[in-house]
Amino acid sequence: FQIIVFILVVLSVITSISNLYVIKNDIYAKIPDYGTYSLIQFAKKTINPQDIVVTNGEIYDPLSIGGLRTYLGRSHYIFLYGGNPQERIIVKQSIFQASISSTLKTYVNKSDVKYIIVYKDLSVKNILQVNESTIDKTFKKIYEDDFGTIYKI
């Protein structure tokens with residue numbers, strides 16, 4: 001019995017070590033040091049960690065990595081915890097693609113979002129088209145740089 005346990009422990013350790021190579025050799029997931037960007041530093045100083053932020057970022061959203069609450073992170077996590085990610089996906093798309101201020105305000109109020117952050121196309125992978133002119137007319141811009149823009153609701 002002891003030999004079987006020993007073999008299982010050794011195999012477990014070996015397979016765990018081999019899993020580290022996937023992380024080390026991942027050529028697709030490059031995460032820059034977002035903490036050095038002024039927008040992220042400003043957001044972490046200004047935004048209450050309990051406030052919900054909606055961004056047009058995708059898988060490696062800098063604010064989510066930085067510890068702030070985003071309205072929709074990876075949708076499969078919402079699904080795993082019993083939620084319906086499709087509802088949040090629709091609301092997020094509606095916020096960023098709204099062409100009328102009243103529609104935009106309705107979706108923002110429905111989602112309890114306190115800030116909208118629009119990343120510039122070259123800074124973070126964006127899969128959503130953003131109607132920034134409607135957001136700009138509707139909410140107060142509190143920060144902007146080459147990385148992105150922060151709007152306060």
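None of the values given here were measured: they were computed from a predicted structure.
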Looking at I3, I'd like to know if its CD1 atom is crowded, meaning that more than 12 non-hydrogen atoms belonging to other residues, nucleotides or ligands lie closer than 6.0 Å. no
Output for pair (Q50 CD, L68 CG), nearest 0.5 Å, gives 10.5 Å
Residue pair L39 / T149: nearest heavy atoms and the distance that separates them: CD1-N, 3.7 Å
Any chance you could measure I100, atom CD1, to K137, atom NZ, to the nearest 0.5 Å? 9.5 Å
Could you tell me if D145 and Y37 have a donor-acceptor pair between their side chains, going purely by distance under 3.5 Å? no
Quick check for you: to the nearest 0.5 Å, what is the distance between I47 atom CD1 and R69 atom CZ? 12.5 Å
ILVMFWY network linking F147 to I142, side-chain heavy atoms under 4.5 angstrom: yes
Check ring pair (Phe, Tyr, Trp, His ring centres under 6.0 Å) between Y71 and all other residues, then give those that pass, not counting sequence neighbours. none
Nearest heavy-atom neighbours spanning L63 and T55: CD1-CG2, 4.0 Å
Holding to salt bridge (charged side-chain N to carboxylate O under 4.0 Å, His left out), I want the full list of residues that pass it with K141, two or more places apart in sequence or in another chain. D136, E144
Looking only at heavy atoms, the pair that brings F96 and N56 closest together is CZ-N, 3.4 Å
Roughly how far, to the nearest 0.5 Å, is CD1 of I52 from CD1 of I153? 11.5 Å
Does the gap between the ring centers of Y115 and Y151 come in under 6.0 Å? no
pair I89-Q93: side-chain heavy atoms closer than 4.5 Å: yes
Check T138 against S101 and note the closest heavy-atom contact, atom names and distance. OG1-OG, 2.7 Å
Carboxylate-amine/guanidinium contact K114 D112, below 4.0 Å: yes
For residues Y107 and K92, determine if any side-chain heavy atom of one lies less than 4.5 Å from a side-chain heavy atom of the other. no
Rounded to the nearest 0.5 Å, what separation is found between the CD1 atom of I7 and the CD atom of Q2? 12.0 Å
Over 60° means perpendicular and under 30° means parallel, so tell me whether F42 and Y143 are parallel, tilted or perpendicular. parallel
To the nearest 0.5 Å, tell me how far N131 CG sits from I95 CD1. 13.0 Å
T134 and A98: which non-hydrogen atoms are nearest, and at how many Å? OG1-O, 3.1 Å
For S12, is there any backbone N or O sitting under 3.5 Å from a side-chain donor or acceptor partner on T15? yes
Quick check: closest heavy atoms across V108 and S111, and the distance to 0.1 Å? O-OG, 3.0 Å
Looking at N84, I90, V91, which hits side-chain contact (heavy atoms from CB on, under 4.5 Å) with E87? N84
Just to verify, what does L80 make a side-chain contact (heavy atoms from CB on, under 4.5 Å) with, not counting sequence neighbours? H76, Y77
So, T70 side chain and S64 main chain: donor-acceptor pair closer than 3.5 Å or not? no
